[in-house]
Amino acid sequence: MPELPEIEVIRKTLSGHLAGLTVSGVTILEPFVLTAAAKQGLTQVIRERVLEVNRWGKCLIIHLSGGKSVLIHLRMTGRLLWSLEEPVTQPATHRHVLWYFSRGREKQGVLTYQDVRKFGRIDVIRKADLKRSEILRRFGPDVLALTKDEFISRLRGKKARIKAVLLDQQVMAGLGNIYADEILFDSGIHPKTEAAGLETGALARLFDSARRILNEAICQGGSTMRDYVHTDGVPGSFQHAHRVYRKTGHACARCESVIESGKIAGRTSSYCPHCQKELKAA
DNA sequence: GTGGCCCTGTGA
DNA sequence: TCACAGGGCCAC
């Protein structure tokens with residue numbers, strides 16, 4: 001469900017809540033969402049202190065004082081919710097893991113991992129081995145960490161259609177279906193265009209659109225379609241700024257053509273047939 | 001490359 | 001009842 005902007009918003013709020021706190025307990029209700037390493041290691045981080053909360057693509061990484069890190073990928077419907085008390089009173093469906101945090105002996109709150117579809121994954125690994133994690137091992141660099149030149153060189157010459165390339169986390173990590181469509185619209189590139197056919201100018205435009213849209217979405221708290229909420233339960237508002245995602249049949253905000261859609265790389269892609277021209281290789 | 005699969009819920 | 005959903009992996 002959540003893509004880079006939503007994960008970044010969660011990272012920021014989580015960082016504010018957890019930095020400096022100590023893990024005082026862990027309750028595992030549904031081991032299905034844990035990697036083999038996490039089944040062993042998740043309860044071994046008790047008494048460790050949170051140093052930092054990072055993000056790599058759509059993966060959250062909580063670094064702990066003992067040298068281990070907890071990695072959380074929410075996939076489609078995962079949620080991380082922070083509450084001051086054990087959340088027994090609220091509807092408690094699909095809760096899979098609970099972490100209890102304290103400062104000294106004083107209880108500070110509970111972090112709950114909730115996931116309707118159970119596609120999400122939680123891993124525990126030594127920080128030094130992070131890149132070997134089941135979750136991260138195939139990830140390329142984070143899209144917001146790339147310079148324009150790096151971004152261009154990673155896309156240049158790829159045979160696949162640009163939409164598929166943007167969704168490929170090995171090429172760069174962080175983009176998903178919503179933002180890939182919005183970024184392609186913003187840069188006027190048709191999702192079916194072969195990446196190799198895009199000239200440097202078009203790739204540079206794509207880079208600028210990506211940074212602008214991702215940063216704007218972060219500022220607006222991300223996009224809430226149905227499941228996503230912040231760690232504090234607040235929805236995002238960037239969905240109101242969507243131009244093509246799930247706008248099939250609507251008028252394009254720029255030219256009033258009818259937004260079309262089709263399957264690319266197994267995902268529904270929406271685009272404006274007039275604003276987004278399919279560029280052929282020269 | 002595409003399609004199926006992992007899951008559950010929702011809306012047409 | 002069926003298609004589809006912010007993801008990603010695996011086999012063909």
Side-chain angles (χ1 to χ4, degrees), chain A residues 1-11 29-36 55-60 71-80 91-96 113-123 133-140 142-143 157-185 191-197 210 213-214 217-218 220-231 235-249 261-270:
Chain A
M1 92 192 205
E3 304 181 30
L4 186 151
E6 291 76 34
I7 301 300
E8 179 59 20
V9 171
I10 293 171
R11 187 200 67 74
L29 301 170
E30 176 53 273
F32 184 85
V33 299
L34 306 180
T35 64
R55 180 189 59 72
W56 183 346
K58 301 168 200 166
C59 183
L60 283 160
L71 288 76
I72 303 169
H73 196 310
L74 305 178
R75 294 276 187 100
M76 294 286 263
T77 53
R79 282 177 168 181
L80 278 173
T93 50
H94 306 301
R95 284 163 35 182
H96 306 316
Y113 178 74
Q114 196 183 338
D115 189 350
V116 170
R117 294 175 73 178
K118 295 186 218 171
F119 286 171
R121 284 296 174 269
I122 297 172
D123 196 14
S133 148
E134 270 182 50
I135 297 175
L136 292 178
R137 68 185 167 189
R138 293 188 177 83
F139 276 26
D142 187 88
V143 57
K158 292 275 190 293
K159 294 285 186 205
R161 289 175 287 190
I162 187 63
K163 170 71 184 281
V165 178
L166 292 177
L167 289 179
D168 184 347
Q169 304 296 297
Q170 281 188 267
V171 175
M172 56 186 73
L175 297 180
N177 208 28
I178 293 179
Y179 295 98
D181 276 4
E182 293 300 323
I183 289 164
L184 286 167
F185 174 79
K192 289 182 179 167
T193 309
E194 187 185 321
I213 286 180
L214 293 174
I218 291 167
Q220 295 194 30
S223 304
T224 295
M225 300 311 295
R226 76 196 309 167
D227 296 292
Y228 164 75
V229 287
H230 298 187
T231 300
S237 64
F238 193 71
Q239 63 277 12
H240 303 304
H242 292 174
R243 293 286 176 258
V244 286
Y245 179 74
R246 289 212 203 169
K247 300 283 185 194
T248 309
S261 60
K263 288 267 184 206
I264 302 172
R267 319 292 301 279
T268 300
S269 295
S270 309

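Since the model is a prediction, treat every value here as computed from it, not as a measurement. To find a chain, count down the sequence lines: A is the first, B the second, and so on, and within it residues start at 1.
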Applying side chain to side chain contact (heavy atoms under 4.5 Å, CB included) to L167(A) and I264(A), what does each step give before you reach the verdict?
CA-CA 10 Å; L167(A) 289 179; I264(A) 302 172; over 6 Å; no
Would S261(A) and S270(A) count as a side-chain hydrogen bond (donor to acceptor under 3.5 Å, both in side chains) here? Give the steps.
CA-CA 4 Å; S261(A) 60; S270(A) 309; 5.0 Å; no
Apply the test side chain to side chain contact (heavy atoms under 4.5 Å, CB included) to residues L74(A) and Y113(A): give CA-CA distance (whole Å), side-chain angles for both, the deciding distance (0.1 Å), then the verdict.
CA-CA 9 Å; L74(A) 305 178; Y113(A) 178 74; 3.5 Å; yes
Given the rule in the side chain to side chain contact (heavy atoms under 4.5 Å, CB included) test, do I122(A) and I135(A) qualify, once you have shown the distances and angles that lead to the verdict?
CA-CA 8 Å; I122(A) 297 172; I135(A) 297 175; 5.9 Å; no
R161(A) and E194(A): salt bridge (Lys or Arg N to Asp or Glu O under 4.0 Å), yes or no, with the steps?
CA-CA 4 Å; R161(A) 289 175 287 190; E194(A) 187 185 321; over 6 Å; no
Step-by-step salt bridge (Lys or Arg N to Asp or Glu O under 4.0 Å) determination, K118(A) to E30(A):
CA-CA 9 Å; K118(A) 295 186 218 171; E30(A) 176 53 273; 3.3 Å; yes
Start with the C-alpha distance between Y179(A) and S223(A), add both sets of side-chain angles, then the distance that settles side-chain hydrogen bond (donor to acceptor under 3.5 Å, both in side chains), and finish with yes or no.
CA-CA 10 Å; Y179(A) 295 98; S223(A) 304; 2.6 Å; yes
Can L71(A) and L60(A) be said to form a side chain to side chain contact (heavy atoms under 4.5 Å, CB included), step by step?
CA-CA 6 Å; L71(A) 288 76; L60(A) 283 160; over 6 Å; no
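Applying the salt bridge (Lys or Arg N to Asp or Glu O under 4.0 Å) test to every pair with at least one member in residues 165-176 of chain A, sequence neighbours left out, gives no pairs at all.
Residues of residues 160-174 of chain A that place a heavy atom closer than 4.0 Å to DNA chain B, in numerical order, are A160(A), R161(A).
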Could you pull out the protein-nucleic contacts involving nucleotides 9-12 of chain C (nitrogen or oxygen on both sides, under 3.5 Å)?
residue : atom : partner : partner atom : Å
dC10(C) : OP2  : R138(A) : NH2          : 3.3

For nucleotides 1-4 of chain C, tabulate all protein N/O to nucleotide N/O atom pairs closer than 3.5 Å, reporting atom names and distance.
none

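Looking at DNA chain B, the stems built from 3 or more consecutive Watson-Crick or G-U wobble pairs, each pair with its key distances under 3.5 Å, are B:1-6 with C:7-12, B:8-12 with C:1-5.
A pairwise comparison of heavy atoms in H73(A) and C59(A) identifies CD2-CB, 4.5 Å as the closest pair. Taking each heavy atom of L4(A) and V143(A) in turn, the nearest pair found is CD1-CG1, 3.4 Å.
When the P atom is compared between dC4(C) and dT2(B), the two are found 16 Å apart, to the nearest whole Å. Distance noted for atom P between dG4(B) and dC2(C): 15 Å (whole Å). Comparing the P positions of dT1(C) and dC7(B) gives an interatomic distance of 22 Å, to the nearest angstrom.
At least one donor-acceptor pair closer than 3.5 Å links the side chain of R55(A) to the backbone N or O of G57(A).
Map F32(A) and G266(A) each onto its nearest nucleotide of DNA chain B; the residue landing nearer the 5' end is G266(A). Residue order along DNA chain B, read from the 5' end via each residue's closest nucleotide, puts I264(A) first among I264(A) and H94(A).
Taking NE2 from H230(A) and CG from L80(A), the interatomic distance works out to 13.0 Å, rounded to the nearest 0.5 Å. Interatomic distance, CG of L184(A) versus OG of S269(A), reported as 8.0 Å (0.5 Å rounding). Considering CD1 of I162(A) and CG of L166(A), their distance stands at 4.5 Å, rounded to 0.5 Å.
The nucleotide range of DNA chain B contacted by chain A, defined by atoms under 4.0 angstrom from heavy atoms of the protein and reported 5' to 3', is dG1(B) to dT10(B).
Rounded to a whole Å, the CD atom of Q239(A) is 17 Å from the P atom of dA5(C).
The residues R79(A) and D115(A) are annotated as not salt-bridged, no charged nitrogen and carboxylate oxygen being separated by less than 4.0 angstrom.
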